[in-house]
Amino acid sequence: MTLATSLNGAEQRRPSRLGRMLEDRLPYLIVAPAIFILLLVGLFPLIYSLVVSFQRITMTDNDTSFVGLLNYAELFRDTRLWASLGHTAIITAVALPLELLIGFLMAQLFIDRLPGRQLFVALLVLPTVISPIVAGATWRLMFDVRFGPIGQILSFFAGEPVRILWTVNPAYVYPAIIICEVWQWSPFMFLLLLAALSNVDQSQLEAAEIDGASYLRVLRAIILPSIAPVIAVACLIRGLDLVRIFDIIWALTEGGPGSMTETISLYTYVQGFSQFEISYTAAISFLVIALLTIITTLVLKRMELAR
Amino acid sequence: MADVKLSGVHKYYGNVHAVRGLDLTIGDGEFAVLVGPSGCGKSTLLRTIAGLEDPDDGTITIGGAVVNDLRPRERNIAMVFQNYALYPYLTVNDNIAFGLRARKTPEIEIRKRVGEAAEMLGIGSLLQRYPRQLSGGQRQRVAIGRAIVRKADLFLFDEPLSNLDAQLRDEMRTEIKRLHHEITTTMIYVTHDQVEAMTLADRIVLLRDGKIEQQGAPLELFEQPRTGFVAGFLGSPSINLIPATLKINGGGAAVVFESGGTMTLPSAKTTSLTSAEGRQVLVGIRPQHFSRAGGGSLRDGVVAYSAVADLIQPTGTRTFTTIKIGGVDVVAELQAHDVSRHGERIDLAIDLNRVVLIDPASGLVIA
Amino acid sequence: MKVGKLPARKVRILGLRYLGATVVTLLFLFPVYWLFMISFKTPDEIYHVPPLWVPAQIQFSNYYVLFKDGDVVAILNSLIVAGVSSGIAIVLGTLCAYSLARFGTGGENLAMWIISQRMIPPIAVVFPIFLLYVHFGMVDGFFGLILLYTAFNLPYVIWMMRGYIVDVPLELEESALVDGLNRWEVIWKVVFPMVRSGLMATSVFTFVFAWNDFLFALVLTRTEVITFPVQLTHYFGGQSNFWGKIAAMSVLGTLPIFVAVSVMQRYLVRGISLGAVKG
């Protein structure tokens with residue numbers, strides 16, 4: 001008994017005063033470093049940028065006097081800016097539904113039991129994890145008018161030589177970009193939708209089958225409502241990515257021909273790093289952030305409602 | 001070994017006042033069961049004793065020392081959780097030894113204690129397995145083993161059996177009772193199951209809305225409930241409550257049911273009711289106090305009642321029969337073969353010696 | 001699966017689905033195949049009209065050139081930058097996530113602010129960051145890139161790990177607290193082992209994000225710490241004579257990702273959906 005008592009005594013661990021304090025403050029201590037870095041690299045530049053956007057700094061003129069909303073007013077007269085926003089909108093509006101649709105169809109193919117499904121899925125996700133710049137480079141090789149396979153395949157089906165300058169011909173640059181984009185990101189949609197479809201309540205589907213409901217009815221009444229939240233999240237993630245699309249276009253067309261495929265990210269890059277319109281670039285940045293914030297908020301609101 | 005004293009303990013969760021000024025003393029070596037419906041504050045109270053929650057007011061004393069400012073690990077307590085809380089990445093052996101290692105107990109001592117506990121619980125052959133390879137009952141044993149080896153001053157159980165199926169639950173209940181006989185450490189056990197409370201407890205503490213409704217030995221609560229809530233909570237099937245009016249005549253008293261019918265109360269019940277003429281009451285009769293009338297004369301306090309059997313639910317040993325008294329559905333627990341078919345007229349004897357009369361407004365038992 | 005026991009109709013449907021699955025997979029993998037194949041071709045084969053679908057033999061001269069010219073240093077740079085930044089982001093982010101998940105530090109607002117950091121388009125911050133880096137002499141250095149990628153990945157790590165930590169039963173931690181551990185030990189001995197797989201998966205994704213990034217690297221590197229995507233764009237030109245290099249460099253920059261992601265297959269869905277879908 002004495003042994004047990006003394007052992008129990010030894011088992012009591014009273015931490016030092018410092019240890020106690022560190023433990024009490026732990027929730028804040030472990031949040032601090034991450035928040036510090038986020039503020040340093042995330043928020044600080046934004047504030048800096050906001051200040052600059054009210055000044056008039058260009059490559060040649062380091063004028064730090066405040067000019068109010070001058071830069072922002074100029075945004076409205078900048079036709080190239082609005083054109084780039086238009087290009088971004090077109091790419092997003094075409095690519096996003098396409099990716100969703102193709103992803104959904106692909107998921108349909110794999111939703112029922114299919115031996116070896118894991119392998120197929122593993123292979124199909126590869127495009128999605130590739131660096132976008134590599135994806136762009138790959139398709140540049142694919143599209144090449146002389147040495148690429150696309151022209152060769154098209155010629156085979158057309159029965160005559162088909163020579164399309166995909167990355168230069170104004171009629172084909174958008175299809176080229178969208179093909180590459182859709183190739184890379186449909187598998188993303190596919191993966192998410194496959195997971196969502198697998199989570200659809202099986203008993204509901206069986207009940208519908210017993211009731212003799214048609215596939216379209218089942219799709220509308222059971223499947224779509226149950227995967228709607230996932231679709232919303234997938235569209236939000238991809239939508240935000242598409243709005244800031246840069247790498248693929250840089251690799252494929254570099255915004256050309258002319259500025260025909262210049263998206264808002266490319267335009268901002270050009271203004272900032274070629275023209276060195278420092279203040280003006282800052283203003284554009286805030287326009288982009290404002291637009292994205294509005295879109296995201298709207299989407300999130302709708303998602304809340306859907307829940 | 002330690003006693004536990006709570007005085008004036010309050011606990012809020014936001015606007016919810018979970019524990020409302022609670023005083024409680026649990027003696028050294030006692031097995032106390034905190035029981036009550038969900039949301040009554042029993043788990044909160046246990047977690048407050050463990051130190052996992054800080055009380056907003058009041059003091060908690062374990063073994064004579066105020067522990068309000070002590071961390072859970074400094075209170076020398078052991079706790080068994082509802083979901084076993086076993087570490088899936090550790091073997092059974094390492095799970096049991098976890099607390100001892102955390103306290104830097106010598107490895108030889110750890111091996112000895114783990115061996116003892118495993119033997120006591122009959123899990124010696126499972127020590128090298130992982131929790132996912134165990135059945136629910138085995139996991140619960142491991143969780144208990146982890147608590148035993150600590151040789152703590154106080155054992156806390158938070159609904160440890162509620163994840164087990166009925167048969168295992170009975171088995172583990174017996175084991176926990178035996179465990180308490182063997183190690184005689186003070187134990188505080190939380191459950192919402194009145195059968196567990198009745199069978200395990202030295203003392204039941206029945207909680208309601210963050211306050212103690214009544215505490216005492218199991219049979220004391222069962223037989224002398226202080227409120228209608230206590231009467232209704234303990235016992236299965238639960239007590240029948242029939243609205244009626246009191247009628248006092250001479251030395252005796254009777255209850256008059258709303259839809260007619262009168263029952264004379266035994267004299268022992270009437271002494272406190274002399275001035276209660278016309279008072280509304282709920283007449284509480286436990287299903288166990290019904291029996292088939294065997295003919296001949298009735299004992300004092302037992303009344304005859306003739307009824308039509310409505311629903312009949314045999315359990316094998318006993319048969320629950322629904323009848324009507326005073327226009328209200330009432331469950332009577334009869335012998336297995338006392339009643340055979342729906343619509344059968346049966347002559348019953350109702351033992352009113354243990355009837356409780358409840359004031360419907362205050363919920364208090366008045367006789 | 002015993003196909004023989006299925007009714008004929010089911011066998012036909014299964015066959016059709018296999019056919020469909022194979023066609024779709026080939027379609028999506030063809031560009032990847034093309035890329036790999038070009039990297040093994042000789043210049044004559046690359047610039048052959050019509051294009052050759054299989055090289056006569058697999059040879060590594062395109063890779064040899066990259067090693068000889070020292071261009072592979074870009075891969076090494078990418079490894080260092082992505083590896084170190086992921087490591088830091090994982091450690092700091094997981095700790096932060098623990099606080100958010102268990103103590104609700106900062107409430108919903110802090111969590112929302114953190115994920116909104118993820119939503120900010122890189123293009124909107126890259127310019128001011130560039131100006132600041134120029135000011136502090138951090139352009140074209142490891143420190144600047146690592147700091148940037150750490151910050152870029154932190155919201156993701158915090159968001160994901162918060163989800164994984166929330167999934168750890170609270171009772172495991174409470175049991176450990178009663179049994180004798182302090183909070184720091186609980187994080188180390190209970191939470192870490194419990195979220196180990198999630199941690200691994202999240203590390204892989206942060207690594208991939210940093211590895212794949214082009215825009216930040218384009219702006220913030222010059223010559224010293226060029227990462228592989230930037231190096232790759234150096235081979236683009238009006239002339240197509242760098243095709244072998246493009247293909248070889250792309251393959252070198254893609255293989256590690258393929259391997260990493262294949263290993264993390266089980267966590268892929270949760271990882272890319274920001275935790276919204278738990279695969």
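Hydrogens, waters and symmetry mates are skipped; everything else that's a heavy atom, side chains included, is used. Labels below follow one simple rule: chain letters A, B, ... track the order of the sequence lines, proteins then strands, and each chain is numbered from 1.
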Let me know if B/Leu52 has heavy atoms under 4.5 Å from chain C in its side chain, its backbone, both or neither.
side chain
Please confirm whether B/Arg47 makes a cation-pi placement over B/Tyr13, using NZ or CZ under 6.0 Å from the six-membered ring centre and within 45° of the ring normal.
no
Is the terminal nitrogen or CZ of C/Arg270 (NZ for Lys, CZ for Arg) located under 6.0 angstrom from the six-membered ring centre of C/Tyr267 and within 45° of that ring's axis?
no
Examine whether an atom of B/Tyr87 lies under 4.5 Å from a heavy atom of chain C, and if so say whether it belongs to the side chain, the backbone or both; otherwise answer neither.
both
Proximal component of B/Arg101, with respect to chain C [non-hydrogen, under 4.5 Å]
neither
Examine whether an atom of B/Leu86 lies under 4.5 Å from a heavy atom of chain C, and if so say whether it belongs to the side chain, the backbone or both; otherwise answer neither.
backbone
Test B/Glu109 against B/Arg103 for salt bridge (Lys or Arg N to Asp or Glu O under 4.0 Å), laying out the working first.
CA-CA 12 Å; B/Glu109 176 71 12; B/Arg103 284 156 197 271; over 6 Å; no
Return yes if a side-chain donor-acceptor contact under 3.5 Å exists between C/Tyr98 and C/Arg183, otherwise no.
yes
